[in-house]
J.: 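Dropping a structure here in structure tokens format, bear with me for questions.
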Amino acid sequence: MGDAIAEAFRLIAVGDAALWEIVSLSLRVSLTAVALACLIGLPLGALLAIARFPGRGALIVATNSLMGLPPVLAGLLVYLLLSRAGPLGPLELLYTPTAMIIAQTVLVTPIIVALSRQVIADMHQEYDEQLRSMGITTMGAVLTLLYDARLSLLTVALAGFGRAAAEVGAVMMVGGNINHVTRVMTTTIALETSKGNLAIAVGLGLVLMLIALTVNGALMALRGTQGVARHV
Amino acid sequence: MSDALVTSGRRTLTPARGPDSVLPVAMDGVGYTIDGVTLLDDVSLRIRPGRLTAIMGANGAGKTLCLRLIQGLLQPTVGTLSHASGPVTLTGRRRIATVFQRPVLLRRSVAGNLRHALKTYRVPRAERAAMLTDLLDLAELRALAHRSARVLSSGEQQRLSIVRALAADPDLLLLDEPTANLDPYATRMIETLIRQAEARGVTVVLVTHDVGQARRLADDVVFLNRGRVTEQTPAGSFFDEPQTAEAAAYLAGRLLL
């Protein structure tokens, strides 16, 4: 075990090409998926927080439930969509990074919707009367709330990124874990562990942890600078 | 407080208002009941342009509810509430501005709050910078323009709330106990600001418990007791010769709801 960890640090230190190719693809897939999920999920969460319409309660329950969507189920759904016989089969996206991005977007969007709805609903409770007295439109209220809740929403996006970067089932099913094409950190860790090649598995595990620490640290630093007395 | 700014700014700052003014506002037989509890009953009153109306009454008399109805945030359950310009639409609501007792400021800088208001009120982009400077000076907050609005003192927050409301260039400004919990200096600054708003041609309705403040500022007084208007009279008459036992008791500090 000690040898594996030492070898892992060596791989990171020397910038092992294979390792960094996997890390780079993982980041590209997960960050793109989170960006797409935010584009879809933040406005949807804001609308769910402030709009009143029939079926809103059911929609909130549904999005809350989908936060726990098993990755393999998300993978299966996307697989069925993208497989040769599926409705999007002609696009030939299966076993490509795009398929992995779609699967992770499906997985992360409910998290973004549900958490952002809660953040924005709390803020809306405070702002509602003031904004209505200003004669603001619903869209204006959504934009105001999204802007003012931006720091909390960054944390929401971070939770989404955590979910995307750590999942293995969905990307395995729709990506296929093809070397140099769709192999990401989590699928590699699973594969290399099963092969007994612990060095690269531990190395990637360390990189995953480092990414999580870096992102959290950056967010805390941002909160620090924004949270004091300097708003623009 | 800069008096020069009373005559500056983007629009005509005279008491004369256009034909689309919401004033006068009339409440006729207005009642408001919720969950079987009647909070306002048969309220009839007039808000006339150019007259500062103070709404007074004990806690729970229905003063704040009156403001919410006038603003259009709530609808009367009985009676009619009419504005000279017709039913209050979303855009029309901007002709009436409300400053709440507890200021609700956005999580932005002082200037950011004002910029948001100017944008919301559709002030042309080219005029926003000058308006922003005017409003900051009016509130004496220029030095704090980049400070987070939520770390200001209570008096500064209330001044910011008032000038944010003035960014709408409203016909009618509704102030809900704007000096509650403020020290005498901060209160005096708010009162000066109210006078400056009037000089800009804004008609003010002021909910206050401060009898001295009402004496200093009000032209008319509406006295509410248990959800009913018991007096609506020029301020001088109200303070010198209250017509009802409730008003006399209130002024003497003896009226409880």
Side-chain angles (χ1 to χ4, degrees), chain A residues 38 42-43 45-47 49-53 115-158 218-232, chain B residues 22 64 67-74 88-123 144-152 157 160-161 164-170 172-176:
Chain A
C38 285
L42 292 179
L47 274 175
I50 71 172
R52 297 290 179 270
F53 54 86
L115 296 183
S116 63
R117 186 201 65 78
Q118 191 57 56
V119 165
I120 291 167
D122 291 344
M123 189 175 282
H124 183 240
Q125 202 168 18
E126 182 190 348
Y127 281 16
D128 180 38
E129 202 163 46
Q130 177 63 47
L131 294 180
R132 283 195 297 129
S133 79
M134 294 172 81
I136 203 164
T137 59
T138 303
M139 187 47 68
V142 165
L143 293 175
T144 300
L145 291 164
L146 284 175
Y147 184 80
D148 275 34
R150 59 196 180 281
L151 292 180
S152 300
L153 294 177
L154 265 177
T155 309
V156 169
L158 187 63
L219 188 68
M220 187 172 277
L222 189 66
R223 274 185 174 278
T225 57
Q226 296 270 305
V228 192
R230 293 187 65 245
H231 291 249
V232 180
Chain B
V22 296
T64 298
L67 295 191
R68 290 194 162 96
L69 289 167
I70 293 169
Q71 169 78 75
L73 295 174
L74 296 171
V88 177
T89 59
L90 192 66
T91 313
R93 196 179 282 169
R94 295 173 189 153
R95 309 304 306 156
I96 305 172
T98 300
V99 173
F100 298 98
Q101 182 178 346
R102 196 173 62 83
V104 179
L105 297 168
L106 306 185
R107 288 165 173 77
R108 305 178 188 201
S109 66
V110 170
N113 271 269
L114 293 175
R115 274 193 217 103
H116 175 268
L118 292 168
K119 193 175 170 190
T120 300
Y121 297 138
R122 309 263 165 86
V123 172
L144 303 176
H146 300 292
R147 174 93 42 101
S148 168
R150 295 167 82 96
V151 302
L152 297 179
Q157 288 197 358
L160 176 59
S161 290
R164 178 177 62 179
L166 292 177
D169 193 21
L172 181 58
L173 176 63
L174 308 175
L175 301 172
D176 190 1

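Every chain is numbered from 1 and lettered A, B, ... according to where its sequence line falls, protein lines coming before strand lines.
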J.: Under the side chain to side chain contact (heavy atoms under 4.5 Å, CB included) test, which residues partner A:Leu154, sequence neighbours left out?
T.: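 For A:Leu154, the residues satisfying side chain to side chain contact (heavy atoms under 4.5 Å, CB included) (neighbours in sequence not counted) are A:Leu151, A:Leu219, A:Leu222.
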J.: Determine the option with the most heavy-atom pairs under 4.5 angstrom with chain A, choosing from B:Leu106, B:Thr98, B:Leu105.
T.: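 It is B:Leu106.
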J.: To the nearest 0.5 Å, how far apart are CG in A:Leu145 and CZ in B:Arg107?
T.: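 Output value for this atom pair is 9.5 Å.
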J.: Evaluate the side-chain proximity of A:Glu129 to B:Arg68: yes if any heavy-atom separation is below 4.5 Å, no if none is.
T.: yes
J.: What pairs with A:Asp148 under salt bridge (charged side-chain N to carboxylate O under 4.0 Å, His left out), at least two apart in sequence or on another chain?
T.: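 Salt bridge (charged side-chain N to carboxylate O under 4.0 Å, His left out) list for A:Asp148, sorted by chain: B:Arg108.
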J.: Can you measure from NZ (B:Lys119) to OG1 (A:Thr144) and round to the nearest 0.5 angstrom?
T.: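 B:Lys119 NZ to A:Thr144 OG1: 8.0 Å, rounded to 0.5 Å.
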J.: What residues of residues 117-126 of chain A make heavy-atom contacts with chain B at a cutoff under 4.5 angstrom?
T.: A:Met123, A:Glu126
J.: Tell me every residue that passes side chain to side chain contact (heavy atoms under 4.5 Å, CB included) with B:Ala117, counting only those two or more places apart in sequence or in another chain.
T.: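 Expected list: A:Met134, B:Tyr121, B:Arg164, B:Ala167.
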